[in-house]
Amino acid sequence: MRALVAAGYRVVDLKQAEQNNVRDQLRGTVSAQGLKELATRYQADLLITGEAFAEEYGNVLSQRAYTARLELKAIDLATAQVIFSDAFTGTGLAATDSVAGKTALQNVAKTAAPNLPGALLNWLSGSGKAASRTFTVRLNGAPSFKAFSDVLAALRSSQGVNAALSRQFDAAGALAEVEFDGSPEDLATMLEDLGLKVTGVSAGEIVVSF
């Protein structure tokens, strides 16, 4: 949290009970809809979650020695796409087991923290090795399925678009998933170039109307 705040991100802190609930959910299989509900509940675009433990490995210079492991993951709540996943290790020395274990956990966190803000920035800006993102595009007022299909076809032939898939088409509107190598602003501009009107842009979702 300190690393993200220092990098200028707005962090929504969850209560411990909610953290435990999210942790238990993410250990199993969470549906894309379930992650969207988390986004609505916490008013957040991304969920950062992880798990850490420390265990002793003996004595060093008459002090207790512990090693710690931290597994860290970042998820786009709009699309359920995992945008960062890594594991880190660290060690700690102290006179007592309790302090040595906490020191190891603190040290592994210090090792992991610098990696996260930059990885998120690269992904959000559409650059770096995790550049390809999946966006949800909601299209309101589609006059026909053919018009919706024509938009998808135009997107597929556009630069930076790796895929454009239909996910829903009914009286409520149309829903597409677009895998794109740029930022949400770039995709929104591209949609307007195709003759659509953009009415909403977030980190993972763009709303347009015909």
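This structure is a prediction, so every number in the text was calculated from the model and none was measured. Counting begins at 1 with the first residue of the sequence.
Side-chain N or O atoms of Asn115 include one that pairs as donor or acceptor with a backbone N or O of Ala112 at under 3.5 Å. Although no hydrogens or angles enter the test, the distance criterion places no donor-acceptor pair under 3.5 Å between the side chain of Tyr66 and the main chain of Ser98. Checked by atom type and distance alone, the side chain of Ser183 pairs as donor or acceptor with a backbone atom of Asp186 at under 3.5 Å. Of the possible donor and acceptor atoms, one in the side chain of Glu192 sits under 3.5 Å from a partner among the backbone N and O of Val198. Here the side chain of Thr67 pairs a donor or acceptor atom with the backbone of Gly90 at under 3.5 angstrom. Using modelled atom types, no side-chain atom of Asn107 and backbone atom of Gly92 make a donor-acceptor pair closer than 3.5 Å.
The pair Arg69-Glu71 counts as a salt bridge, with a side-chain nitrogen and a carboxylate oxygen less than 4.0 angstrom apart. Residues Glu205 and Arg138 are paired through a salt bridge, judged by an N-O separation under 4.0 Å between the basic side chain and the carboxylate.
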**Q.** Residue pair Asn140, Val208: steps toward the side-chain contact (heavy atoms from CB on, under 4.5 Å) verdict
**A.** CA-CA 6 Å; Asn140 298 320; Val208 300; over 6 Å; no
Q.
Gln159 vs Val161, test: side-chain contact (heavy atoms from CB on, under 4.5 Å). Steps then yes/no.
A. CA-CA 6 Å; Gln159 184 176 3; Val161 176; over 6 Å; no
Q: Evaluate side-chain contact (heavy atoms from CB on, under 4.5 Å) for Leu139 paired with Val151, printing each intermediate quantity in order.
A: CA-CA 10 Å; Leu139 301 100; Val151 169; 4.1 Å; yes
Q: Under the side-chain contact (heavy atoms from CB on, under 4.5 Å) rule, what do Ile48 and Leu116 come out as? Steps first, then yes or no, please.
A: CA-CA 9 Å; Ile48 314 297; Leu116 189 55; 3.7 Å; yes
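The residue from Val99, Thr103, Asp97 that alone fulfils the side chain to side chain contact (heavy atoms under 4.5 Å, CB included) condition with Arg64 is Asp97.
Rounded to the nearest 0.5 angstrom, Leu187 CG and Ser158 OG are separated by 9.0 Å. Atom OG1 of Thr134 is separated from atom CD of Glu179 by 5.0 Å, given to the nearest 0.5 angstrom.
In plain terms, the two heavy atoms of Ser166 and Phe148 that are nearest each other are OG-CE2, 3.2 Å. Across all non-hydrogen atoms, the minimal contact from Phe135 to Gly182 is CZ-O, 3.7 Å. Taking each heavy atom of Asp76 and Leu46 in turn, the nearest pair found is CA-CD2, 3.7 Å. Taking both residues in full, the closest heavy atoms of Ala174 and Phe169 are given as CB-CD1, 3.8 Å, listed atom of the first, atom of the second, then distance. Here the closest non-hydrogen pair linking Ala188 and Ile206 is N-CD1, 3.8 Å. Summarising the geometry of Ala52 relative to Leu105, their closest heavy-atom pair is CB-CD2, 3.9 Å, with the distance given to 0.1 Å.
Cluster membership for Leu72 and Met1, using ILVMFWY side-chain heavy atoms within less than 4.5 angstrom, is shared. Under the 4.5 Å side-chain heavy-atom criterion for grouping Ile, Leu, Val, Met, Phe, Trp and Tyr, Val201 is connected to Leu191 within one hydrophobic cluster. Under the 4.5 Å side-chain contact rule for hydrophobic residues, Phe180 and Leu155 share a cluster. Leu165 and Leu196 fall into different hydrophobic clusters, where Ile, Leu, Val, Met, Phe, Trp and Tyr residues are linked whenever their side-chain heavy atoms come under 4.5 Å apart, directly or through other members. Linking Ile, Leu, Val, Met, Phe, Trp and Tyr whenever their side-chain heavy atoms come within less than 4.5 Å puts Val11 and Phe84 in one cluster.
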